[in-house]
Amino acid sequence: MADNVSSSSSTSATITPPETKSWADVADEEAAAEIKLDSLVVDESKPQGALGLTNPDDSTIEAVTSGDTPYTSAKRFEDLNLSPELLKGLYVEMKFEQPSKIQAISLPMILTPPYKNLIAQAHNGSGKTTCFVLGMLSRVDPNVREPQALCICPTRELAIQNMEVLLKMGKFTGITSELALPPDQANYIPIQKRPPITAQVIIGTPGTFSKWLQHKKLGLSKMKILVFDEADHMLAMSGFRDESIRIMKAIAKASSNCQVLLFSATFDDDVKDFSSKIAGEIFKREPNQMFVKKEELSLESVKQYKVHCPDELSKIMVIKDQILELGEKVGQAIVFVKSRNAASMLHQALVKLGYEVTTIQGALNIEDRDKIIKEFKEGLTQVLIATDVLARGFDQSQVNLVINFDLPVQYGRYSEPDNEVYLHRVGRAGRFGRRGAVFNLLCLDSDDMIMDKIEKHFNSQITEVAPWNSREAFEDALRRAGLL
DNA sequence: AAAAAAC
């Protein structure tokens, strides 16, 4: 799973403006009030990555603390007052050595009383999951046999993946957990016949949480920590805003001092404003916040390319002749398409040409979804066609190639890119600083315009691969990405 | 010319 790449760089950080001092130093200031609402920009020069890895740490995070609680950056996990069982999980199971940058900054904010709310943005593949999983595990009281931590995710796949991390990290703690997901056929029990939930940590999707609440199967009075993974999407109008707020309000009512953590790699300005507002309104406290500038969000280890294709059919030929052929040597690949229908079309076309590909999308039944993800994670399949069900959070370190068969656009505004989804898709490659490449397949004039807008938005370089049917051009691109 | 969850 998540291999922690230990940082060889110095742990000191530079804070600008106005003067230069380290994050750790700030907490030592006598007048803690001085840092109140100050912007702390943590900046490190990037060390050279060894073995094809670059430093996964977030180079530029702007953190804003609210109130006068002093925080000291955690250089070692021992600094965090964790139980011996949890430390053992970190070292033995997770094979971590020391906190990554985001962990060093956010964990003290999560674990220090008065347990303020936190809105945390950090790069894709930088270890956000381990932050909030560690947060949940360390805030749960193992002696209280009631639900104390909740993590809400946008997809079934992400909930399962997060649970795997929790089980691994919490292996020695004895803390109990349960998935809140629609059951597959084999495990189906009518909700009325279910006993009340007693697991201490629960991870799941909003619909099932709502259902459990509605049937009074989930007690909220002991709730200490509520996590929203992919929080910007969970709170977006076009996402799960209503359901998320309903759950938040129910918890705030039953357990008024429950801590709320919002984690994501992306927060567009609207959602950013809304998030801090809602967290404050419902839970009556100003949240701590850490953000990354959008220009700083592109992963440097992942090369981005665009390919002009004369028509839709040639896009399929690119997948067939370049990706499927070259991909073998390069690692696993995910091909993103715009719709369930487009997914089945592409799938059928490639199968007809004699290739083995698998596809995941929301219309498949639960059993098939679970199976296809399992096969891909075990490396049994090489190329996975996916809708945006897999755009966010999916963590498979062997994925080195991402293909945007269709560019992500906003619903109802099809000439506008969905920058956030774009960034999340790119983030499926290059986990934890690994090398990767993204190929954007462009066909229509509007594709060009959308690509330009994405380029401008992130101020990132997207190199052209031409011509579309040249093996040499693709090999060269992969070489430049460090994959060949 | 949408995906996601779940009724």
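Worth saying up front: this structure is predicted, and the values here are computed from it rather than measured.
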Does A:Phe474 have its ring centroid less than 6.0 Å away from the ring centroid of A:Phe439?
yes
Around atom CD of A:Gln185, are there more than 12 heavy atoms of other residues, nucleotides or ligands at under 6.0 Å?
no
Roughly how far, to the nearest 0.5 Å, is the CE atom of A:Met449 from the CD atom of A:Glu416?
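Answer rounded to 0.5 Å: 8.0 Å.
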All side chain to side chain donor-acceptor pair (under 3.5 Å) counterparts of A:Asp388, not counting sequence neighbours:
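Once residues adjacent in sequence are excluded, the partners of A:Asp388 under the side chain to side chain donor-acceptor pair (under 3.5 Å) criterion are A:Arg425.
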Quick one, which residues of residues 344-351 of chain A touch DNA chain B with a heavy atom under 4.0 Å?
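Close to the strand, none.
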Nucleotide-resolved protein contact map, nucleotides 1-7 of chain B, B/S/- at heavy-atom distance under 4.0 Å:
BBBBBSS
Test side chain to side chain contact (heavy atoms under 4.5 Å, CB included) applied to A:Ser238 - qualifying residues, sequence neighbours left out:
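A:Ser238 satisfies side chain to side chain contact (heavy atoms under 4.5 Å, CB included) with A:Ala236 once adjacent residues are dropped.
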Under 3.5 Å, which donor-acceptor pairs do the side chains of residues 254-267 of chain A form with other protein atoms, sequence neighbours left out?
unit_1, atom_1, unit_2, atom_2, d
A:Ser255, OG, A:Met223, O, 2.7
A:Gln259, OE1, A:Arg139, NH1, 2.8
A:Gln259, NE2, A:Ile110, O, 3.0
A:Gln259, NE2, A:Lys116, O, 3.0
A:Ser264, OG, A:Asp232, OD1, 2.8
A:Ser264, OG, A:Thr266, N, 3.1
A:Ser264, OG, A:Thr266, O, 3.1
A:Thr266, OG1, A:Asp232, OD2, 2.6
A:Thr266, OG1, A:His424, NE2, 2.7

Show the atom names and distances, to 0.1 Å, of all donor-acceptor pairs under 3.5 Å that link a side chain in residues 340-349 of chain A to residues at least two apart or in another chain.
unit_1, atom_1, unit_2, atom_2, d
A:Ser344, OG, A:Arg340, O, 2.9
A:Ser344, OG, A:Asn341, O, 3.4
A:His347, ND1, A:Thr359, OG1, 2.5

